[in-house]
Amino acid sequence: MKTVEFPDGTTVPALGQGTWMMGEARGRRADEIAALQAGLDLGLTVIDTAEMYADGEAERVVGDAIAHRRDEVFLVSKAYPQNASRARLRQACEASCKRLRTDRLDLYLLHWRGSVSLAETVEAMEALVAAGLIARWGVSNLDTDDMVELEAVGGRTCMTDQILYNLTRRGPEFGLIPWLGQRAIPVMAYSPVEQGRLLGHRALAQIAAEHGVSPAQVALAWLLRQPGILAIPKASSLPHVRDNRAALDLDLTADDITLLDRSFPAPTKRRPLEML
């Protein structure tokens, strides 16, 4: 399986599992747990969640899914920006761990930038590392200028930037992704199929038909062919999980890439980082 390496040398599969919008309906809970467990069985061992998702219920779904399997999982969660201070980050982290039924996180992210200074957040994250509550930390939804500031205030141990990146959201290619690449910081790409909105596009349908695969697999394969990209699609059913996993086996041709570049042009100038 293709892997991605973090700056500390840790490697993880390049395809993980997202959980945004899980935990929102009790009637879907069993299917969500089963999907996450099936993903683990298929080697998709990175699971990403956040205290924000369904007010912590997504973390509880993950906790149920990984019960008795914690050591198989590279577990990621995210803190609200208002909790990213010296006074509040440890409490937020401990609450996430309680919902996840674990004693530590493999990666803990600042969900987006708020009023707490980046310098204070770096200090608070490093304190959690020292306490053994997290193994490493990173950020989410930070643009190039934010990353430059983060580095300047002591954030050189930042392991990733989780951003909105897919065929329709290629803005980060102009500045942010090259900046991260120069520092060997991988990108965690959320909403890699634009919450399903990509799937009806003609170019994706054409390539999918030629390969005998789904449009979602084409969109994921386009991301996965790039170095330093960790895609985290959500899947709430067993067929969807299997479909995502199969994207790792899809090799797009040069003609496929040409068609995708023509249909979804790369940026020619800097754009503000987009968020969902």
Side-chain angles (χ1 to χ4, degrees), residues 4-8 10 14 16 18 20 46 48-53 76-89 92-93 105 107-129 134 136-192 194-195 222-223 226-232 261 264-276:
V4 169
E5 184 175 340
F6 290 106
D8 66 354
T10 301
W20 189 14
V46 176
D48 174 83
T49 189
E51 66 173 338
M52 183 188 80
Y53 298 167
V76 186
S77 194
K78 298 184 285 292
Y80 276 118
Q82 63 267 30
N83 288 336
S85 65
R86 284 185 293 268
R88 298 178 63 169
L89 190 60
C93 182
L105 298 174
L107 178 63
Y108 197 33
L109 309 180
L110 167 66
H111 207 152
W112 66 90
R113 187 171 185 178
S115 60
V116 178
S117 73
L118 292 178
E120 183 172 350
T121 296
V122 169
E123 183 181 335
M125 287 290 192
E126 292 292 352
L128 294 181
V129 174
I134 66 175
R136 55 193 64 80
W137 64 273
V139 295
S140 182
N141 297 303
L142 264 62
D143 210 341
T144 312
D145 291 347
D146 301 311
M147 294 302 298
V148 170
E149 181 180 342
L150 183 74
E151 186 178 67
V153 297
R156 291 184 179 274
T157 53
C158 175
M159 292 290 148
T160 191
D161 189 5
Q162 184 179 124
I163 59 173
L164 176 61
Y165 180 47
N166 59 47
L167 279 164
T168 61
R169 311 278 190 160
R170 295 183 64 175
E173 292 176 12
F174 192 83
L176 178 58
I177 290 177
W179 190 95
L180 294 168
Q182 289 167 5
R183 290 155 179 80
I185 299 174
V187 168
M188 291 184 72
Y190 74 83
S191 295
E194 190 68 12
Q195 297 181 304
W222 176 82
L223 279 171
Q226 303 178 56
I229 302 293
L230 167 54
I232 48 170
D261 283 338
F264 306 95
T268 57
K269 61 181 180 180
R270 184 170 184 248
R271 304 174 190 167
L273 184 65
E274 297 175 284
M275 292 175 57
L276 284 179

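One-based numbering along the sequence shown.
Put simply, the side chain of Met147 reaches to within 4.5 Å of the side chain of Leu180, judged on heavy atoms. Side-chain atoms of Pro186 and Pro7, non-hydrogen and from C-beta on, do get closer than 4.5 Å to each other. In this structure, the side chains of Met188 and Met159 stay at 4.5 Å or more apart for every pair of heavy atoms. Looking at heavy atoms from C-beta onward, Arg136 lies in side-chain contact with Asp8 at the 4.5 angstrom threshold. Contact of the Ile163 side chain with the Ser140 side chain is not registered, since no non-hydrogen atoms from C-beta on lie closer than 4.5 Å. Side-chain atoms of Trp137 and Leu128, non-hydrogen and from C-beta on, never get closer than 4.5 Å to each other. With a 4.5 Å cut-off on side-chain heavy atoms, Leu142 and Leu273 do not count as touching. A heavy-atom distance below 4.5 Å is not found between the side chains of Val187 and Pro172.
Proximity of a side-chain donor or acceptor of Tyr108 to a complementary backbone N or O of Val76 within less than 3.5 Å is not detected. Judged by distance alone, with hydrogens and angles left aside, the side-chain atoms of Glu173 form no donor-acceptor pair with the main-chain N or O of Pro267 at under 3.5 Å. Under the 3.5 Å distance criterion, the side-chain polar atoms of Arg170 are matched with a main-chain donor or acceptor of Phe264.
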> Yes or no on side-chain contact (heavy atoms from CB on, under 4.5 Å) for Gln162 and Trp112, after CA distance, side-chain angles and deciding distance?
Replying inline: CA-CA 9 Å; Gln162 184 179 124; Trp112 66 90; over 6 Å; no
> Step by step, would you call Glu126 with Thr157 a side-chain hydrogen bond (donor to acceptor under 3.5 Å, both in side chains)?
Replying inline: CA-CA 9 Å; Glu126 292 292 352; Thr157 53; 2.4 Å; yes
> For Tyr80 and Leu110, what are the C-alpha separation, side-chain angles and deciding distance, and is it a side-chain contact (heavy atoms from CB on, under 4.5 Å)?
Replying inline: CA-CA 7 Å; Tyr80 276 118; Leu110 167 66; over 6 Å; no
> Can Leu109 and Ser77 be said to form a side-chain contact (heavy atoms from CB on, under 4.5 Å), step by step?
Replying inline: CA-CA 6 Å; Leu109 309 180; Ser77 194; over 6 Å; no
>> For a side-chain contact (heavy atoms from CB on, under 4.5 Å) check, start with the C-alpha distance between Ile185 and Phe6, then their side-chain angles and the critical distance, and finish with the verdict.
In response: CA-CA 6 Å; Ile185 299 174; Phe6 290 106; over 6 Å; no
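For Ala189 against Ile229, the heavy-atom pair with the smallest separation is CB-CG2, 4.2 Å. Here the closest heavy-atom approach between residue Ser191 and residue Leu276 is recorded as OG-CD1, 3.6 Å. Across Pro192 and Asn166, no two heavy atoms sit closer than the pair O-CB, 3.2 Å. Residues Ala124 and Leu89 come closest through the heavy atom pair CB-CD2, 3.6 Å. Closest approach of Leu105 and Cys93 over heavy atoms only: CD1-SG, 4.1 Å. Closest heavy-atom contact between Ser85 and Glu120: CB-OE2, 3.3 Å.
Note: Tyr53 OH to His111 NE2 = 4.0 Å, rounded to the nearest 0.5 Å. Residue Leu150 holds its CG atom at 5.5 Å from CG of Leu118, rounded to the nearest 0.5 Å. Here OG1 of Thr121 is found 10.5 Å from CG of Asn83. Values are rounded to the nearest 0.5 Å. The CH2 atom of Trp179 lies 8.0 Å from the OG1 atom of Thr144; values are rounded to the nearest 0.5 Å. One finds the OG1 atom of Thr49 at 12.5 Å from the CH2 atom of Trp20 (value rounded to the nearest 0.5 Å). Expressed to the nearest 0.5 Å, how far NZ of Lys78 lies from CG of Asp48 amounts to 3.0 Å.
A salt bridge between Asp161 and Arg183 is absent, with no side-chain N of the basic residue lying under 4.0 Å from a carboxylate O of the acidic one. Salt-bridge check for Asp143 with Arg271: failed, with every basic side-chain N at 4.0 Å or more from each acidic carboxylate O. Taking 4.0 Å as the cut-off between side-chain N and carboxylate O, Glu194 and Arg169 count as a salt-bridged pair.
Aromatic ring pairs are classed by plane angle as parallel below 30°, tilted from 30° to 60° and perpendicular above 60°; the pair Trp222 and Tyr165 is tilted.
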